[in-house]
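Below you'll find the structure, written out as structure tokens, and then a few comments.
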Amino acid sequence: MDGFYNLPVSDFTERVIRVVRRIPPGRVATYGDVAELAGYPGAARAVGTVMRRCSSRDVPCHRVVSAGGTLGGYGGNLELKRALLRAESLVVGRNRIRNFARVRWQGKKRG
DNA sequence: GCATTGACTAGGG
DNA sequence: GCCCTAGCCAATG
């Protein structure tokens, strides 16, 4: 473990950060998936709250997108998020991932 | 401690 | 295909 740079405000945040950090490059996960992997199914919205705060700068929050395949948001810098995702060899349209279902990372969960 | 917000999700029109 | 509504959880004021 590299250790956290910032002290997690809650166990939930810590778990979310841990999951998001496990997202490999070239893959993306949905807020709902991250929440579930974190142990809080249905807390997709809460995940967004944590991401917005970005407690740890080591968290690739740009690899977290909404369930529909849309980027969702990036603190108002969708353009940046789009660029980051495109840099991950992902095919991102105007504000939506094309092969979203193919690059969707569900914690190595078969599906 | 209550009310509001926020980068959400699923369902119905 | 898109817009609106209800439900959901955590953080903030």
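Chain naming here is simple, since letters A, B, ... match the order of the sequence lines and numbering starts at 1 in each.
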Compare the minimum distances between each of [options] and the side chain of [X], then state the nucleotide with the smallest one.
X        : options                 : value
Tyr31(A) : dC9(C), dA7(B), dA11(C) : dA7(B)
Thr13(A) : dT9(B), dC9(C), dA11(C) : dA11(C)
Ala44(A) : dT9(B), dG6(B), dA7(B)  : dT9(B)

Within the structure, does a side-chain N or O atom of [X] lie under 4.0 Å from either OP1 or OP2 of [N]?
X        : N       : answer
Ser10(A) : dA11(C) : yes
Arg45(A) : dA11(C) : no
Thr30(A) : dC8(B)  : no

Problem - Donor-acceptor pair (no angle test) under 3.5 Å: Tyr74(A) side chain, dA7(B) base - result: no
Practice task
Determine whether any donor atom in the side chain of Arg52(A) lies under 3.5 Å from an acceptor atom in the base of dG6(B), or the reverse, and answer yes or no.
Solution key: no
Handout entry: Residues, nucleotides or ligands: over 12 heavy atoms within 6.0 Å of Arg22(A) CZ
Key = no
Handout entry: CG-CZ distance between Leu90(A) and Arg86(A), expressed to the nearest 0.5 angstrom
Key = 11.0 Å
Practice task
For residues Lys81(A) and Val65(A), determine if any side-chain heavy atom of one lies less than 4.5 Å from a side-chain heavy atom of the other.
Solution key: yes
Problem - Check: Tyr40(A) and Arg15(A) side chains under 4.5 Å, non-hydrogen atoms - result: yes
Problem - Gap in Å between the two C1' atoms, one belonging to dG13(C) and one to dG1(B), rounded - result: 12 Å
Practice task
Could you state the atom-to-atom distance from CG of Asn95(A) to P of dC8(B) in whole Å?
Solution key: 13 Å
Practice task
Could you check Thr49(A) against Thr70(A) and say which one's nearest nucleotide on DNA chain B is further toward the 5' end?
Solution key: Thr49(A)
